[in-house]
Amino acid sequence: MSNITNNFQEIISHCKEYGYIFQSSELYDGLSAVYDYGQMGAQLKKNIRDEWWKSMTQLHDNIVGIDAAIFMHPTVWKASGHVDNFSDPMIDNKDSNKRYRVDHLIEAHVETLDKAAGDALLAEMDKLLAADDLAGLKSLIETNKIKCSISKTCNWTDVRQFNLMFSTQIGSVAEEADTIYLRPETAQGIFVNFLNVQKTGRMKIPFGIAQTGKAFRNEIVARQFIFRMREFEQMEMQFFVRPGTQMEWYNYWKETRKKWHESMGIPTEKLRYHDHVKLAHYADAALDIEFEFPFGWKELEGIHSRTDFDLSQHAKYSKKKIQYFDNDLNAEGKPYGNYTPFVVETSVGLDRLFLTIVSLSYLEEKWTKEDGTEDSRVVMKIPAKIAPVKLAILPLLKKDGLPEIASQLMNECKPHFHCFYEEKDAIGKRYRRMDAIGTPFCVTIDHQTKEDNTVTIRYRDTMTQERIPMSEVKRLVMEKICC
RNA sequence: GCGGAAGUAGCUCAUUUGGUAGAGCGAUAGCCUUCCAAGCUAUAGGUGGCCGGUUCGAGCCCGGUCUUCCGCUCCA
């Protein structure tokens, strides 16, 4: 276990040292649970996102992508249930340090009372909760001498509101106050655009809408590097289906998504399903695809059958009809007609997938050389198709015209994929630097190149190399990064 | 939020009853070098996480605070 922990520490250090991830505002001692992606990390993250986007939109005829704004009308979050369910008044007992939800604490106390007194207390609590009267709730607890079940004391902190949504102000919102929220999930941007996309895209059920983007949650405890952050990026796809067929599609996406992760180089044995026992208010089935992170099995992606909850809620709150007319014929030969579609959601944490790829890729290798001495390297075996830099072009020496040939090759390759040019230090040192950032291919230009236009290409994963015509380099790398 | 551990150069660490900070690696510039980090020369980098206190004097003692990791807790 301690080895695993150390390994995780090393991955974190490596990410910082080679420009993958920095702590946000590090110059000012950092901001808790917020991270920046560096020059390497941003490219890797983009490559992962692009793969997902392609697999969803380009490879599925019936899925289209959108990009909804982070700010949304405040009523969206009432309709979705986030305003009511994403926020709870909490109170801590100073002696036991145990934290309670205020309503749970009072309800537990009510059970010890007779019916009349209990009902009166509940009525009082509901009134205070509705009024957001936090001080009133505290004095209610104190005047009723409600004790902590562990410390048996009434030594309470103030009641505090824990809302997982970040709020801010906007200029002009007609109704409600001028408080708006930073979205805690991207899904709602898809639901509120359901009709727009369906009509303008002439989409026929079943079809999906995909989206990637930032979401924000004011987690009380956010930790484990980029696993749980306050600002994070989701890659979500909402698949709209005919009511009654949702389990079929739920199973389809369950399989499809797991296979996709495997196609990203994640070994099958590191992935597993975890069915939700307790379902959220909107779901009739839910599971996580979990990955074995260095700190244990954790959720990587969620597959949820969300029923017609979201579209119905938005229909209700917006007072607009959100339905689909299905012309397909049923068993009786009649069109299915109007209905509110059911939704199967797939939702991946992009940052978590990034962490998955990085923790799988990071390796410390040791071996014995032919002369009997020990050698080692740190290598990031990032799959070639998502590696930030695909090819390093290295003149063996920085003289004798070798850099000129190398820059020719640079010009030929760089319009097609990311290349890196380096002429400093011994060749072995340059190879190790490329290993550390995860560059899958290195090409070296030497004196023989001047004679016969061949170069050596060196493979990161095996450290083997072969001699090929320089004119083949572009084609060969393109071939390897497309699979 | 509670408890534990930690924070000194880009990285890993030294500086031992408190006396104004060093090394290795790395980086940069150059030299040497015909394929897997190890040769030579030079240079740059730290108000010791931050703020305050004790002291003639604090990296070291004390208080607070920020951040990270671990264990709880939390995560509709």
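The structure presented is a predicted model; accordingly, all values stated were derived computationally and were not measured. All heavy atoms count here, side chains included; hydrogens, waters and symmetry mates do not.
Taking atom C1' on both B/rG4 and B/rA23, the two are 31 Å apart, rounded to the nearest angstrom. Here the separation of B/rU17 from B/rC2, taken at their C1' atoms, is 35 Å to the nearest Å. Here, B/rC61 and B/rG19 have their C1' atoms 15 Å apart, quoted to the whole Å. If you take atom C1' in B/rG24 and the same atom in B/rA5, they sit 26 Å apart, rounded to whole Å. Look at the C1' atom in both B/rG18 and B/rG53: the space between them is 15 Å, to the nearest Å. As rounded to the nearest Å, B/rA9 and B/rA14 have P atoms that lie 12 Å from one another. Using atom C1' as the reference point in both B/rU8 and B/rA21, the two lie 8 Å apart (nearest Å). If you take atom C1' in B/rG59 and the same atom in B/rG46, they sit 11 Å apart, rounded to whole Å.
Residues from residues 402-412 of chain A lying near RNA chain B, meaning a heavy-atom separation below 4.0 Å, are absent. Contacts between residues 440-459 of chain A and RNA chain B, defined by a heavy-atom separation under 4.0 Å, are made by A/Thr444, A/Asp446, A/His447, A/Thr456, A/Arg458. In the region residues 463-473 of chain A, proximity to RNA chain B at under 4.0 angstrom, judged on heavy atoms, holds for A/Met463, A/Gln465.
With sequence neighbours excluded, no residue forms a side chain to side chain donor-acceptor pair (under 3.5 Å) with A/His274. Legend: residues meeting salt bridge (charged side-chain N to carboxylate O under 4.0 Å, His left out) with A/Glu423, ordered by chain and number and at least two apart, are absent. In this structure A/Lys46 satisfies the side chain to side chain donor-acceptor pair (under 3.5 Å) test together with A/Asp50, sequence neighbours excluded.
At a cut-off of 3.5 angstrom, counting only N and O atoms as typed in the model, there is a donor on one side and an acceptor on the other between the side-chain of A/Tyr431 and the base of B/rC35.
Listed by first then second residue, pairs satisfying ring-ring contact (aromatic ring centres under 6.0 Å, His included) with a partner in residues 367-394 of chain A number zero, not counting sequence neighbours. Sequence neighbours left out, not one pair with a member in residues 385-405 of chain A passes ring-ring contact (aromatic ring centres under 6.0 Å, His included). Evaluation of the salt bridge (Lys or Arg N to Asp or Glu O under 4.0 Å) test over residues 460-470 of chain A, restricted to residues two or more places apart or in two chains, returns A/Asp446-A/Arg467. Each salt bridge (Lys or Arg N to Asp or Glu O under 4.0 Å) pair with one or both residues in residues 431-440 of chain A, not counting sequence neighbours, appears once here: A/Asp375-A/Arg432, A/Arg377-A/Asp435, A/Glu422-A/Arg433, A/Asp425-A/Arg433, A/Asp435-A/Arg458.
Whole-Å rounding puts the A/Leu355 CG to B/rC69 P distance at 11 Å. The CG atom of A/Leu300 sits 22 Å away from the P atom of B/rC75 (whole-angstrom rounding). Distance A/Leu27 CG to B/rU67 P: 15 Å, rounded to the nearest Å. Between the P atom of B/rA76 and the CG atom of A/Asp288 lies a distance of 11 Å, rounded to the nearest Å. Rounding to whole angstrom units, CZ of residue A/Arg228 and C1' of B/rG1 are separated by 15 Å. The separation between A/Gln9 atom CD and B/rA5 atom C1' is 11 Å, rounded to whole Å. Atom pair A/Ile12:CD1 and B/rA6:P shows a separation of 18 Å (rounding to whole Å applied). Counting to the nearest Å, the P atom of B/rA76 and the CD atom of A/Glu185 are 11 Å from each other.
A/Glu231 pairs with exactly one of A/Lys214, A/Arg217, A/Arg183 by the salt bridge (Lys or Arg N to Asp or Glu O under 4.0 Å) rule, that one being A/Lys214. With respect to A/Ile468, the side chain to side chain contact (heavy atoms under 4.5 Å, CB included) criterion is satisfied by exactly one of A/Val455, A/Thr454, A/Val443: A/Val455.
Residue A/Ala283 is classed as having no contact, given no heavy-atom separation below 4.0 Å to the nucleic acid. Counting non-hydrogen atoms under 4.0 angstrom, A/Lys298 reaches nothing in the nucleic acid. At the heavy-atom level, A/Gln224 lies under 4.0 Å from the strands shown only through sugar-phosphate atoms. Within the nucleic acid shown, A/Leu394 has no heavy atom closer than 4.0 Å to any nucleic acid atom. Residue A/Phe225 is classed as a sugar-phosphate contact, given heavy-atom separations below 4.0 Å to backbone atoms only. At the heavy-atom level, A/Glu299 lies nowhere under 4.0 Å from the strands shown.
Remark: aromatic rings of A/Phe291 and A/Phe293 are close, center separation under 6.0 Å. Close placement of the A/Phe227 and A/Phe295 rings is indicated, their centers lying within 6.0 Å of each other.
Phosphate proximity of B/rU68 to A/Ser32: present, with a side-chain N or O under 4.0 Å from OP1 or OP2. Using a 4.0 Å cut-off, no side-chain N or O of A/Gln23 falls inside it from OP1 or OP2 of B/rU67.
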What string of B, S and - do you get for nucleotides 25-31 of chain B, 5' to 3', when a contact is any protein heavy atom under 4.0 Å? -SSSS--
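The A/Asp375 side chain lies nearest to B/rA38 when the options are B/rU33, B/rA76, B/rA38.
Helical stems of RNA chain B (runs of at least 3 Watson-Crick or G-U pairs, donor-acceptor distances under 3.5 Å) are listed by first residue: B:1-7 with B:66-72, B:10-13 with B:22-25, B:27-31 with B:39-43, B:49-53 with B:61-65.
At a threshold of 4.0 Å, the pair A/Glu292-A/Arg272 does not count as salt-bridged, since none of the basic side-chain nitrogens sits closer than that to a carboxylate oxygen. Ion pairing of A/Glu26 with A/Lys16 is present here, as a side-chain N (NZ or NE/NH1/NH2) and a carboxylate O approach within less than 4.0 Å.
More than 90° away from 0 lies the glycosidic angle of B/rG18, which makes this nucleotide anti.
Comparing A/Tyr35 and A/Asp435 by the nucleotide of RNA chain B that holds the closest heavy atom to each, the one mapping nearer the 5' end is A/Asp435.
A cation-pi contact, defined as under 6.0 Å to the ring centre and within 45° of the axis, is absent between A/Lys78 and A/Tyr317. In this structure, A/Lys390 is not positioned above the aromatic face of A/Phe417 in the sense of NZ or CZ being under 6.0 Å from the six-membered ring centre and within 45° of the axis.
The two residues A/Glu10 and A/Tyr362 make their nearest non-hydrogen contact at CB-OH, 3.7 Å.
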Before you tell me yes or no, could you show the steps for A/Phe239 and A/Trp253 under ring-ring contact (aromatic ring centres under 6.0 Å, His included), namely the whole-Å CA-CA distance, both residues' side-chain angles and the distance that decides it to 0.1 Å? CA-CA 9 Å; A/Phe239 200 70; A/Trp253 284 110; 5.4 Å; yes
Report the C-alpha separation of A/Tyr181 and A/Phe216 in whole Å, then their side-chain angles, then the decisive distance to 0.1 Å, and conclude whether the ring-ring contact (aromatic ring centres under 6.0 Å, His included) test is met. CA-CA 9 Å; A/Tyr181 298 102; A/Phe216 306 83; over 10 Å; no
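Heavy atoms of other residues, nucleotides or ligands lying less than 6.0 angstrom from NZ of A/Lys316 number 12 at most.
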